[in-house]
Every structure is written in C-alpha cells, then in structure tokens.
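So you know, we letter chains A, B, ... as the sequences are listed, proteins then strands, and number each from 1.
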There are 2 protein chains.
Amino acid sequence: MSLRNEILQVTKELLIKEGFSKISMRRIASRANVTATSIYLHFKNKDDLLLTLIEESIKTLKQALQDSVNSEYGLTDQLRILAETYINYALNHPQEYEIIYMVRPEEMPKYPKDKFRDVRSAYELIADIIRESDHHEYIEVEDSLISAYTFWAQLHGVVSVILNRRLDTRIPQSTFIDQSIEHIIRGFINQKTPA
Amino acid sequence: MSLRNEILQVTKELLIKEGFSKISMRRIASRANVTATSIYLHFKNKDDLLLTLIEESIKTLKQALQDSVNSEYGLTDQLRILAETYINYALNHPQEYEIIYMVRPEEMPKYPKDKFRDVRSAYELIADIIRESDHHEYIEVEDSLISAYTFWAQLHGVVSVILNRRLDTRIPQSTFIDQSIEHIIRGFINQKTPA
DNA sequence: AGAAAAGGTTAACACTGTTAAGTTACGTTT
DNA sequence: AAACGTAACTTAACAGTGTTAACCTTTTCT
C-alpha cells in the first residue's frame with residue numbers, strides 16, 4: 001500500500017478510536033512508522049489531510065443513501081427510509097460524520113470552493129428524489145431543492161443532538177429518533193385531507 | 001472591574017472578533033494586560049473558562065426565548081415565534097451559539113454533569129410551553145418533553161446548516177429559514193381535518 | 001505588627017503544526 | 001556503466017499551544 005493510503009487509513013483509525021481532538025500529525029506519523037514531515041509530501045497540511053478524509057466519508061454516506069432508494073416506495077416511505085439511513089450512518093460513523101460538519105470553509109480559505117460543493121452534493125441526491133417522485137401523496141414540494149435542504153437540516157439537527165450528547169437522559173434515543181422522523185416527514189405533508 | 005470579569009469579557013470579544021480557533025490563553029491574557037498564568041487563578045483551565053462563557057450565553061438565549069413567550073398567542077403562533085427567536089439569536093450571536101454546542105461532555109470529563117444539565121435546561125422551557133398551552137389546535141403532544149427536543153433539534157439543524165456555511169448558494173437564506181419553520185411547525189400538527 | 005491568603009509573575013515542560021535543509025534511493029537518459 | 005534528476009524520507013528548528021511549579025508582592029485579618 002502506498003504511504004498516502006497508509007496515512008489516510010491510520011488517520012481514520014485514530015479518529016475513530018480516539019476522536020478528533022486527539023489527532024496530531026506526529027501521532028499519525030508514528031502509527032505509520034514515519035516522521036511527521038513525511039505527511040507533508042502527500043498532503044498540503046493537516047486540513048488537506050482531513051478534507052481528503054471528509055470526501056471519502058461523504059462518498060460512503062452518499063452511497064448508503066443511494067442504496068436505500070427504491071422506486072417502488074411511495075414518497076413518504078422513501079423519505080422515511082432515507083431519514084433512517086442517514087441517521088444510522090451518522091450514529092455508526094460518528095467521528096466521520098463529525099468531521100464532515102466540523103471543517104468550515106472560512107477557516108480554511110486556501111481551499112478551492114469546489115471541494116465544499118462536493119460536500120454539499122450529497123443533498124442534491126435528496127432533492128432529486130423529491131423532484132423525481134410522483135406527487136400523488138399531497139406533498140409540499142414547491143421547490144424541491146429547498147425542501148431537500150430543510151429535510152437534511154432537520155436530520156442533521158437530530159443527529160447533532162445525539163452525537164453532542166445533548167439528549168435528555170430521560171428520553172430513550174430510539175424514541176427520540178422515531179418521533180423526530182415522524183415530525184420531519186409530517187412537515188412535508190399538506191394539510192389537505194387525503195383522498 | 002474584577003480581573004475575572006475582565007478575562008470573560010476579553011475572551012468573548014476575541015471569540016466574536018476572531019472566532020473559536022484563534023483563541024489562546026496567551027492572547028486572552030495579553031489583551032487583559034496580564035500573564036497567561038493569571039487566568040489559572042480564576043479558572044481551572046481553558047475549558048472551564050469557555051464553559052463559563054457558555055453558561056452566560058445559554059442564559060441570554062434562555063432569556064430571549066422567555067421574553068418571546070406570550071400567553072395570548074395560540075400554540076402554533078407561539079411555536080413560530082419561539083423558532084424565529086431561536087434562529088435570530090443564533091445568527092446574531094454565531095460564535096456564542098457555536099461554543100454552546102462545540103464543547104462536548106466526553107471531551108471534558110473533569111466537569112460536573114450538572115453544568116451540562118444547565119446547558120440542556122433551555123429546552124425544558126420549550127417543553128413547558130408546549131405542555132402548558134391549550135391543546136385545542138390539533139397538536140401532537142403525547143410527550144411534551146420529547147416534542148420539545150425534536151422541535152429544538154430541528155431548529156438547531158437549520159441554524160447549523162447556515163452557520164456552517166453549508167447552505168446552497170442558490171437558496172436565499174431567508175427563504176430557507178421561512179420554509180424550515182413552516183415545515184417544523186407543520187410537523188407538530190395532526191393530520192386531522194381542522195374544524 | 002505578624003500571619004495568612006490572594007493576586008500576580010517568570011521559567012519551564014511537553015506538546016502542537018509547519019518549514020528549510022539535508023540525505024538516501026531509484027529510475028532515466030546519455 | 002556513469003551521470004543526472006527526482007521522489008521519498010529524515011533531522012533540526014521555529015513559533016506557537018495549554019499547563020504547572022516556584023517565587024514574589026500586595027492586601028486582609030487577627
């Protein structure tokens with residue numbers, strides 16, 4: 001395996017095992033049996049390394065969402081499954097999910113904007129699904145892109161509360177998730193009476 | 001003014017002006033015309049200092065929410081106003097809002113849990129409002145505490161997308177906010193036909 | 001006045017990201 | 001085969017970080 005990939009994998013392992021705050025160039029390097037400076041031969045700096053990792057994570061999240069799409073579902077069922085997939089991914093890959101949202105454009109101005117556009121593209125997928133589905137279920141989709149973003153933002157909020165350990169201990173996590181999903185889905189449904 | 005308060009204010013200013021990443025004990029100290037070690041006479045460590053700041057921010061957020069409560073509103077109107085207040089606070093105090101959610105319990109195990117319970121208590125306020133309001137508007141409130149949390153989580157998601165600069169540039173921020181609020185509120189309304 | 005405590009300092013430790021300069025090894029061209 | 005170029009890697013260093021120990025000075029209390 002090339003050192004570049006070795007570094008990426010070691011960083012990911014370190015991230016998963018010890019968390020974001022415990023990561024340092026020297027620790028990564030030592031676990032790859034290399035000096036810290038060697039990392040700079042393959043990555044511009046620490047942010048570049050992390051961004052590369054982010055891109056990978058985005059890709060797997062995107063794939064998971066893609067795999068959960070099935071044209072046989074109705075829109076509400078499809079949205080429900082997307083929501084579950086999204087939340088499951090986040091809870092099963094907390095450190096990866098975290099760095100996706102941790103790194104902020106303005107804090108790394110050196111980087112080309114298209115990298116961040118990449119990060120966003122995962123949500124276009126949701127927009128596509130809303131746009132392409134048949135609208136027979138009294139759904140609000142005046143602007144599918146905006147709807148996709150509100151959908152995603154609400155999912156992110158749910159995940160965020162759990163990952164940041166801000167959920168009240170009296171509330172079971174699964175109950176919170178289920179109820180949140182129901183609220184979110186219902187937000188998309190018109191108040192018109194169903195046929 | 002006591003040095004303790006001086007430090008708090010200087011830290012807050014630094015935070016607002018230069019952001020989270022640019023904060024260091026020495027920079028804070030120098031702006032207060034003091035040595036870095038002096039800070040440790042008033043705060044256990046950097047996390048303690050930031051936690052104290054968080055508590056202050058929570059207090060003002062809580063106050064803003066409290067001030068927006070008016071028993072003359074119906075529940076949906078009240079929720080809408082709470083949502084607007086919450087989002088406005090976050091967008092007007094981005095750095096303060098950020099540190100509220102940035103510091104994670106597991107990353108500072110030295111701290112007593114009740115400090116984090118304090119952080120959470122702002123959302124009990126929302127729970128109270130849902131619980132105390134009359135339920136004549138076909139609202140889902142089987143468990144007001146859970147409802148409050150889903151409400152807050154969704155708001156946090158909306159704010160988070162904006163503050164993390166993850167909103168698509170094609171979408172106007174105000175449109176996003178308005179539509180998100182509508183979705184969130186609608187999530188609380190039963191599908192029953194209104195009278 | 002003398003003791004105790006509070007408020008402040010300097011110097012140091014063990015880290016951090018990052019860079020400049022130097023070394024080694026390998027593949028290509030002549 | 002010899003020379004060159006370059007890629008991969010290292011050592012040493014810089015400037016910065018949070019934090020602690022030891023020390024000094026000023027205020028407060030008895």
Nearest 0.5 Å please: distance from the CD1 atom of Ile184(A) over to the CD atom of Gln154(A).
5.0 Å
Every protein N/O lying under 3.5 Å from an N/O of nucleotides 13-15 of chain D:
unit_1	atom_1	unit_2	atom_2	d
dA13(D)	N6	Arg26(A)	NH2	3.3

Atom-pair distance (NZ on Lys46(B); P on dG16(D)), nearest Å:
15 Å
Contacts of His93(B) that satisfy ring pair (Phe, Tyr, Trp, His ring centres under 6.0 Å) - sequence neighbours left out:
Tyr89(B)
Interatomic distance, Leu51(A) CG vs dG17(C) P [rounded to whole Å]:
16 Å
Distance-only, no hydrogens or angles: does the Thr175(A) side chain make a donor-acceptor pair with backbone N or O of Ile171(A) under 3.5 Å?
no
Do the side chain of Gln78(A) and the main chain of Ser68(A) share a donor and acceptor less than 3.5 angstrom apart?
yes
For DNA chain D, the residues among residues 33-42 of chain A that have a non-hydrogen atom under 4.0 Å from it:
Val34(A), Thr35(A), Thr37(A), Ser38(A), Leu41(A), His42(A)
For Leu3(B) and dT9(C), give me the distance from atom CG to atom P, rounded to whole Å.
8 Å
Among Glu6(B), Glu18(B), Glu13(B), find the one that has a salt bridge (charged side-chain N to carboxylate O under 4.0 Å, His left out) with Arg31(B).
Glu18(B)
Whether His156(B) and His156(A) hold their rings parallel, tilted or perpendicular, with breakpoints at 30° and 60°
parallel
Once you round it to whole Å, what is the distance between P of dT17(D) and CG of Leu49(B)?
15 Å
Reckon Arg27(A) touches a base, only the sugar-phosphate, or nothing at all at heavy-atom distances under 4.0 Å?
sugar-phosphate
Keeping the roles fixed (side chain from Ser24(B), backbone from Arg27(B)), state whether a donor-acceptor pair exists under 3.5 Å.
yes
Any luck finding a side-chain donor-acceptor pair between Gln63(B) and Asp67(B) under 3.5 Å?
yes
Atom pair distance, as rounded to whole Å: NZ in Lys44(A) and C1' in dG17(C):
15 Å
Whole angstrom is fine here: how far is it from CD in Glu6(B) over to C1' in dG8(C)?
15 Å
Rounded to whole angstrom units, what separation is found between the CE atom of Met25(B) and the P atom of dT16(C)?
19 Å
Short question: side chain of Thr11(B), backbone of Ile7(B) - any donor-acceptor pair under 3.5 Å?
yes
Pick base, sugar-phosphate or nothing for Ile23(A), based on heavy-atom distances below 4.0 Å to the nucleic acid.
sugar-phosphate
Just the rounded figure in Å: distance from P of dC15(C) to CG of Asn45(B).
18 Å
